[in-house]
Amino acid sequence: MPLSNRITLTQYLIEQRRRFPTASGELNALILDVSIACKAIARTVALGALAETPAGGAVNVQGEEQKPLDVASNAMLIRQTEWSGHLAGMASEEMDAPYQIPASYPRGKYLLVFDPLDGSSNIDVNVSVGSIFSILRAPQEAIDSGRDVVEADFLQPGATQVAAGYALYGPTTMLVLTVGNGVAGFTLDLNVGEFKLTHADIRIPEDTHEFAINSSNSRFWEAPVKRYVDECLAGKTGPRGKDFNMRWIASMVAEAHRILMRGGVFLYPRDSKDPAKAGRLRLLYEANPIGMVMEQAGGRASTGRQPVLALTPASLHQRIGLVFGSRREVERIEQYHNEPSRREASNPLFAERGLFRD
């Protein structure tokens, strides 16, 4: 089959590098290594129950049972990126502590953090899943000294990310990437084994008629979240004056991709289900990379109260609440969180259940 006129991921990265004449090309090479690992994961995911994968069943640092494909995907990303000399270390959802580059390999100036297989609980029912990744610069002191990386090296605000993205394993395999100059989507061409640019300069509509939230947790929601969802569900007769559709795939990569393609807002907010946790999603390797993609595409990513990318992580596996998508909707949710409570602002004597109610 003849080659198409679509540019490849490699060509795209070369074009991006030309904006920085002094760049070494190491970042490009690292992203290409990540993309190769994603191709291997895509192939394994596509095999489903036919795939020969390591045993699962162990419990990771999140307290979640590891599925065989979680373990396999984690190993593929490590194996494909550790050897090249571009990395000083890695961190993953599936590893308790930072991963050290073996002494037999050269070390580089970047840190890679990733969720190797987001949404893996959906594998058994054949729903789209994906891999999420973020690239940070290692502290200069760690590069110069050659010491082992430590947790503190990774605790950088999302605004410092050099690149971020995700791979989506669905009917087609896609790689969505930002290197700080907008967002581009690449589809895996199985005829030549290359990612080809199919979605240039992705932009999220500012307005939307869709929202995604797990409504089974509604009894645990904070008042601003409940207010927002109630207003959406009220439709044309409610304060929003328009009908909304509710979605929930239970795979954040799939949710993020839908929002990139046609707009929407995703909420996995902080709630009272487990008061010890400030949220359910991991800041470093879920919220920050997805947040960077959303912001670069003209959307917004927030805890519900403040921009995600401004947060300085407190720990490697820190969890937060997350809201992202069409900018105006996310800003509305932030507004609701930052407004004084309507109940607190009212006179308790004349409240709905006040003293003078019949």
Side-chain angles (χ1 to χ4, degrees), residues 26-27 30-31 33-34 60-64 70 74 77-78 81-82 86-102 107-118 131-166 177-180 252-253 256 268-270 274-296 300-324:
E26 291 178 67
L27 178 62
L30 175 55
I31 292 171
D33 280 343
V34 171
N60 65 17
V61 69
Q62 317 293 333
E64 300 164 345
D70 290 323
N74 195 71
L77 276 159
I78 291 173
T81 58
E82 66 179 350
H86 306 313
L87 287 175
M90 298 182 236
S92 161
E93 177 179 354
E94 304 303 332
M95 299 185 291
D96 294 5
Y99 179 84
Q100 308 298 335
I101 302 302
R107 293 197 12 168
K109 61 183 180 182
Y110 294 110
L111 302 171
L112 177 66
V113 297
F114 52 88
D115 179 349
L117 198 62
D118 177 75
S131 302
I132 308 172
F133 63 91
S134 167
I135 299 173
L136 302 163
R137 286 187 177 88
Q140 191 62 46
E141 176 270 327
I143 298 170
D144 294 340
S145 67
R147 63 164 172 78
D148 285 352
V149 292
V150 296
E151 180 174 331
D153 296 332
F154 294 84
L155 304 184
Q156 303 178 33
T160 67
Q161 292 174 104
V162 178
Y166 63 82
L177 173 70
T178 178
V179 291
M252 188 174 70
V253 167
Y268 210 138
R270 185 174 75 178
D274 186 346
K277 295 177 181 176
R280 302 290 296 173
L281 298 175
R282 273 64 62 151
L283 174 57
L284 271 174
Y285 40 83
E286 290 180 326
N288 275 346
I290 294 296
M292 183 179 183
V293 169
M294 291 293 148
E295 298 271 350
Q296 285 290 318
R300 187 168 177 83
S302 173
T303 64
R305 292 169 169 80
Q306 59 184 315
V308 163
L309 300 186
L311 295 178
T312 299
S315 63
L316 197 61
H317 301 289
Q318 179 181 350
R319 295 177 185 252
I320 63 162
L322 182 61
V323 177
F324 64 75

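All residue numbers refer to positions in the sequence shown, counting from 1. Reckoned from all heavy atoms, side chains included, excluding hydrogens, waters and symmetry mates.
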A.B. asks: Less than 4.5 Å apart, any side-chain heavy atom of F114 and any of N74?
C.D. replies: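 F114 reaches N74 side chain to side chain.
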
A.B. asks: After noting the C-alpha distance and the side-chain angles of R107 and L87, does the key distance pass the side-chain contact (heavy atoms from CB on, under 4.5 Å) rule?
C.D. replies: CA-CA 6 Å; R107 293 197 12 168; L87 287 175; over 6 Å; no

A.B. asks: Run the salt-bridge test on D153 and R147 with the 4.0 Å N-O cut-off and return the result as yes or no.
C.D. replies: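 The answer is yes: the pair qualifies as a salt bridge.
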
A.B. asks: Atom CD1 in I132, atom OH in Y285: separation rounded to 0.5 Å?
C.D. replies: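 The OH atom of Y285 is 10.5 Å from CD1 of I132, to the nearest 0.5 Å.
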
A.B. asks: In Å and rounded to the nearest 0.5 Å, what is the CZ to CG distance from R305 to L311?
C.D. replies: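 So the CZ of R305 and the CG of L311 are separated by 12.0 Å.
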
A.B. asks: Rounded to the nearest 0.5 Å, how far does CE of M90 lie from CD of Q100?
C.D. replies: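 Result: 10.0 Å between the selected atoms.
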
A.B. asks: Would you check if Q296 and V293 make a side-chain contact, meaning some heavy-atom pair closer than 4.5 Å?
C.D. replies: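 No. Closest side-chain heavy atoms not under 4.5 Å.
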
A.B. asks: Distance from S92 atom OG to L284 atom CG, nearest 0.5 Å?
C.D. replies: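 Here the interatomic distance stands at 11.5 Å.
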
A.B. asks: Identify which one of I143, L136, I135 satisfies the side-chain contact (heavy atoms from CB on, under 4.5 Å) criterion when paired with Y110.
C.D. replies: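 Testing Y110 for a side-chain contact (heavy atoms from CB on, under 4.5 Å) against I143, L136, I135 leaves exactly one candidate, I135.
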
A.B. asks: In the structure I gave you, are the side-chain heavy atoms of F133 and V113 within less than 4.5 Å of one another anywhere?
C.D. replies: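 A side-chain contact under 4.5 Å is absent here.
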
A.B. asks: Under a 3.5 Å distance rule, please check whether S145 uses its side chain to pair with a backbone N or O of E141 as donor and acceptor.
C.D. replies: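 Answer holds: yes.
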
A.B. asks: Would you say the side-chain atoms of S131 pair up with the backbone N or O of P116, donor to acceptor, closer than 3.5 Å?
C.D. replies: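 Yes; judged by distance alone, with no hydrogens or angles, the pair exists.
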
A.B. asks: Keeping the roles fixed (side chain from Q318, backbone from R282), state whether a donor-acceptor pair exists under 3.5 Å.
C.D. replies: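 No, Q318 side chain to R282 backbone: no donor-acceptor pair under 3.5 Å.
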
A.B. asks: Using a 4.5 Å cut-off on heavy atoms from C-beta on, say whether the side chain of R137 contacts that of T160.
C.D. replies: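 Side-chain contact under 4.5 Å: no.
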
A.B. asks: Look only at the side chain of E295 and the backbone of L309, and say whether a donor-acceptor pair between them is shorter than 3.5 Å.
C.D. replies: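 Here the side-chain-to-backbone pair does not exist.
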
A.B. asks: Within the structure provided, determine whether P313 and Q156 are in side-chain contact (heavy-atom separation under 4.5 Å).
C.D. replies: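 P313 vs Q156: side chains apart.
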
A.B. asks: Under a 3.5 Å distance rule, please check whether H317 uses its side chain to pair with a backbone N or O of M95 as donor and acceptor.
C.D. replies: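 Yes: the side chain of H317 pairs with the backbone of M95.
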
A.B. asks: Minimum heavy-atom separation for A163 and L27, please, with both atom names.
C.D. replies: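 For A163 and L27, the tightest heavy-atom pair comes out as CB-CD1, 4.5 Å.
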
A.B. asks: Treating E151 as the side-chain partner and L316 as the backbone partner, does any N or O pair qualify as donor plus acceptor under 3.5 Å?
C.D. replies: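 Checking the backbone N and O of L316 against the side chain of E151, a donor-acceptor pair under 3.5 Å is found.
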
A.B. asks: Using 0.5 Å steps for rounding, measure from the CD1 atom of I101 to the CG atom of D148.
C.D. replies: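 Going from CD1 on I101 over to CG on D148, the span is 10.0 Å.
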
A.B. asks: Check the pair L322 / E286 against side-chain contact (heavy atoms from CB on, under 4.5 Å), numbers first and verdict last.
C.D. replies: CA-CA 10 Å; L322 182 61; E286 290 180 326; 6.0 Å; no

A.B. asks: Can you check side-chain contact (heavy atoms from CB on, under 4.5 Å) on M252 and Y166, steps first, answer last?
C.D. replies: CA-CA 10 Å; M252 188 174 70; Y166 63 82; over 6 Å; no

A.B. asks: Given 3.5 Å as the limit, does a donor-acceptor pair link the side chain of Q161 with the main chain of G158, or not?
C.D. replies: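 At least one qualifying donor-acceptor pair exists.
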
A.B. asks: Does a donor on one side chain and an acceptor on the other come within less than 3.5 Å for D33 and T81?
C.D. replies: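 Distance-only check fails for D33 and T81.
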
A.B. asks: According to side chain to side chain contact (heavy atoms under 4.5 Å, CB included), who are the partners of A256, at least two apart in sequence or on a separate chain?
C.D. replies: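 Counting only residues at least two positions away or on another chain, A256 forms a side chain to side chain contact (heavy atoms under 4.5 Å, CB included) with I290, M294, F324.
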
A.B. asks: Run the side chain to side chain donor-acceptor pair (under 3.5 Å) test on S134 and N288 for me, step by step, so that the C-alpha distance in whole Å, both residues' side-chain angles and the decisive distance to 0.1 Å come before the verdict.
C.D. replies: CA-CA 8 Å; S134 167; N288 275 346; over 6 Å; no

A.B. asks: Is it the case that the side chain of D115 and the backbone of E93 share a donor-acceptor pair, with hydrogens and angles ignored and the cut-off at 3.5 Å?
C.D. replies: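 The answer is no, because no donor-acceptor pair under 3.5 Å joins these two groups.
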
A.B. asks: Apply side-chain contact (heavy atoms from CB on, under 4.5 Å) to residues I320 and Y268 and explain how you reach the verdict.
C.D. replies: CA-CA 9 Å; I320 63 162; Y268 210 138; over 6 Å; no

A.B. asks: Which pair of heavy atoms, one from A88 and one from L111, lies closest together, and at what distance?
C.D. replies: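 Scanning both residues completely, I find the closest heavy atoms to be CB-CD2, 4.1 Å.
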
A.B. asks: If you round to the nearest 0.5 Å, how far is CZ of R319 from CG of L281?
C.D. replies: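 With rounding to 0.5 Å, CG (L281) is 8.5 Å from CZ (R319).
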
